[in-house]
Amino acid sequence: VAVPLLLVLVVAIAAAAWLGVRSYRARWARNVALPEIARLGQAGPSVQAFRLAREARRFLPGDRGLQQLWRDVAAPITIRTTPPGTVVDWRDYSAADDSPWESLGSAPIAGILVPNAYLRWRISKEGFDAVEAAFSTWTTSVIQFQLDPQGSTPPGMVRVPGGPYRYGPAPAVQVEDYWLDKYEVTNREFKEFVDAGGYRKREYWRHPFVKDGRELSWERAMEEFRDTTGRPGASTWALGTYSD
C-alpha cells in the first residue's frame with residue numbers, strides 16, 4: 001500500500017512543481033518580457049526584441065498583446081539557392097565576428113520568420129565557397145544566392161546577383177551578375193595596381209574619358225592621372241605613393 005501511495009505523492013509533487021514553473025514563466029513573459037519587447041521595438045529594429053518575443057510566445061501563445069508585438073519584430077523571408085540543399089545561417093549585423101550563427105535549416109526556405117532587422121547571412125555547402133551577405137527583411141522578402149565551386153571565387157570578392165536595379169527616382173537598369181570587392185580598395189592595393197602598369201593597359205579602361213563635356217583621347221586621359229609631383233597615381237599622392 002505504501003509504494004503506490006508514495007508514487008502518487010511523487011507524481012502530485014512533480015505536477016505541482018511543473019505547474020508552478022509554468023505559472024512563473026507566464027508571469028515573467030507578461031510582466032517582464034512584454035514591456036521590454038515594446039521598449040526595444042520603440043528604439044528601432046531589434047534582434048534582441050525578436051529573441052525575447054520568440055521565448056515569450058512559448059508561455060503566452062494566445063496573448064493578443066504579444067501577438068501584435070511579434071508581428072512588429074518578426075518578418076517572413078524566402079531564400080532560394082543554387083545549388084539547393086545549402087545551410088542558411090544568420091546573426092545580428094552588429095554582432096562580433098566570433099558570435100555564434102543561428103541556423104534556419106536547408107534551402108530552399110519559404111516564409112520562415114526572422115528578426116525584422118538588418119542581418120548578416122551565411123550560405124554554405126560542402127564543395128562550394130561559402131557566401132556571406134547582409135540585408136534586411138524590410139528591403140526584400142525573397143532572396144536568391146548562387147554558390148560557386150570551392151576555390152573558384154576571386155579572393156576577397158563577393159558575387160552580386162544581377163537583375164533590375166533602381167536607385168531613387170532614376171529609371172531601373174538591368175545588370176548581369178558581377179564580382180565586387182568585399183572591402184574598399186586600400187591605398188596599398190591601388191599602388192600595386194599602378195606599379196603593375198594599370199595606367200598603361202587599355203583593356204582595364206572600357207569607357208570613354210570625358211572632361212568638361214569633351215571626350216579625351218587615351219593618351220590625354222592618362223596624363224590626367226598624375227599625383228602632385230607628376231608621377232602616375234592618385235591626385236593626392238606624391239612621388240608615386242601615398243602618405244602615411
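Starting from 1, each residue takes its place in the sequence as its number.
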Student: Are the side chains of Asp97 and Arg91 in touch, meaning some heavy atoms are under 4.5 Å apart?
Tutor: yes
Student: Does Tyr183 have more than 12 heavy atoms from other residues, nucleotides or ligands lying within 6.0 Å of its OH?
Tutor: no
Student: Less than 4.5 Å apart, side chain to side chain, heavy atoms only: is that true for Thr78 and Ile109?
Tutor: no
Student: For the residue pair Pro76 and Ile112, establish whether any side-chain heavy-atom pair is separated by less than 4.5 Å.
Tutor: no
Student: Using a 3.5 Å distance criterion without hydrogens, assess whether the side chain of Asp212 forms a donor-acceptor pair with backbone atoms of Arg214.
Tutor: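 No.
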Student: Validate the cation-pi geometry between Arg122 and Trp90: distance from NZ or CZ to the six-membered ring centre under 6.0 Å, angle to the ring axis within 45°.
Tutor: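 Pair Arg122/Trp90 does not count as cation-pi.
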Student: Can you confirm whether Leu66 sits close enough to Leu34 that some side-chain heavy atom of one is under 4.5 Å from a side-chain heavy atom of the other?
Tutor: yes
Student: Can a salt bridge be assigned to the pair Asp195 and Lys191 using a cut-off of 4.0 Å between side-chain N and carboxylate O?
Tutor: yes
Student: Would you call the rings of Phe193 and Tyr204 parallel, tilted or perpendicular, where under 30° means parallel and over 60° means perpendicular?
Tutor: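 Correct class here is tilted.
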Student: Between the main-chain N or O of Pro155 and the side-chain N or O of Lys182, is there a donor-acceptor pair closer than 3.5 Å?
Tutor: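 The answer is no, because no donor-acceptor pair under 3.5 Å joins these two groups.
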Student: Could you state whether Trp70 and Ile77 fall into the same hydrophobic cluster, counting links through intermediate Ile, Leu, Val, Met, Phe, Trp or Tyr residues with side-chain heavy atoms under 4.5 angstrom apart?
Tutor: yes
Student: How long is the straight-line distance from CG of Asp89 back to CG of Leu119, given to the nearest 0.5 Å?
Tutor: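 Here the rounded value is 12.0 Å.
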Student: Regarding Arg220 and Glu224, does a basic nitrogen lie under 4.0 Å from an acidic carboxylate oxygen?
Tutor: yes
Student: Is it the case that atom CD in Gln174 sees more than 12 heavy atoms from other parts of the structure closer than 6.0 Å?
Tutor: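 Above 12, so yes.
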Student: Search all heavy atoms of Asp227 against all heavy atoms of Ala238 and return the closest pair with its distance.
Tutor: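 Shortest heavy-atom separation between Asp227 and Ala238 comes out as OD2-C, 3.5 Å.
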Student: A quick test of your reading: do over 12 heavy atoms of other residues, nucleotides or ligands sit less than 6.0 Å from OH of Tyr118?
Tutor: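 Counting other residues, nucleotides and ligands, OH of Tyr118 exceeds 12 neighbours.
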Student: Compute whether any side-chain donor of one residue and acceptor of the other, for Gln68 and Arg71, lie under 3.5 angstrom apart.
Tutor: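 Gln68 vs Arg71: donor-acceptor pair found between side chains.
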Student: Counting only heavy atoms from other residues, nucleotides and ligands, does the tally under 6.0 Å from CZ of Arg80 exceed 12?
Tutor: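 No, not enclosed.
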Student: Applying the 4.5 Å side-chain criterion to the ILVMFWY set and letting contacts propagate, would Tyr165 and Phe135 be lumped into a single cluster?
Tutor: no
Student: Might you work through the ring pair (Phe, Tyr, Trp, His ring centres under 6.0 Å) test for Phe225 and Trp237, ending with a clear yes or no?
Tutor: CA-CA 11 Å; Phe225 296 158; Trp237 291 7; over 10 Å; no
Student: So, does Asp181 use its side chain to make a donor-acceptor pair with the main chain of Glu184 at under 3.5 Å?
Tutor: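 Such a contact is absent between Asp181 side chain and Glu184 backbone.
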Student: Would you give the length of the straight line joining atom OG1 of Thr153 to atom CZ of Phe128, rounded to the nearest 0.5 angstrom?
Tutor: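 Result: 11.0 Å between the selected atoms.
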Student: Decide, yes or no, whether a salt bridge links Glu219 with Arg200 under the criterion of side-chain N to carboxylate O below 4.0 Å.
Tutor: no
Student: Looking only at heavy atoms, what is the nearest atom pair of Pro232 and Tyr199, with distance?
Tutor: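 Here Pro232 and Tyr199 meet closest at CB-CD1, 3.8 Å.
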Student: Linking I/L/V/M/F/W/Y whenever any side-chain heavy atoms sit under 4.5 Å apart, do Ile143 and Trp101 land together?
Tutor: no
Student: Identify the two heavy atoms, one from Gly198 and one from Trp205, that lie closest to each other, and give their separation to 0.1 Å.
Tutor: O-NE1, 2.9 Å
Student: Which heavy atom of Pro169 sits nearest to which heavy atom of Arg166, and what is that distance?
Tutor: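 Heavy atoms only, the tightest pair is O-NH2, 3.9 Å.
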Student: Quick check: closest heavy atoms across Ser46 and Leu40, and the distance to 0.1 Å?
Tutor: OG-CB, 4.0 Å
Student: Does either side chain, that of Thr82 or that of Gln144, offer a donor lying less than 3.5 Å from an acceptor on the other one?
Tutor: yes
Student: Provide the closest heavy-atom pair for Leu52 versus Ala33 in the form atom of the first, atom of the second, distance.
Tutor: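 Heavy atoms of Leu52 and Ala33 come nearest at CD2-O, 3.8 Å.
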Student: I'd like to know whether CZ of Arg202 has more than 12 heavy-atom contacts from other residues, nucleotides or ligands below 6.0 angstrom.
Tutor: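 More than 12 within 6.0 Å, yes.
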Student: Please determine whether the number of non-hydrogen atoms from other residues, nucleotides or ligands lying under 6.0 Å from atom CD of Gln48 exceeds 12.
Tutor: no
Student: Taking the six-membered ring where the residue is Trp, are the ring centres of Trp121 and Phe145 under 6.0 Å apart?
Tutor: no
Student: Is the shortest side-chain N to carboxylate O distance from Asp148 to Arg159 below 4.0 Å?
Tutor: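 Looking at Arg159 together with Asp148, the answer is yes, because their closest N to O distance falls below 4.0 Å.
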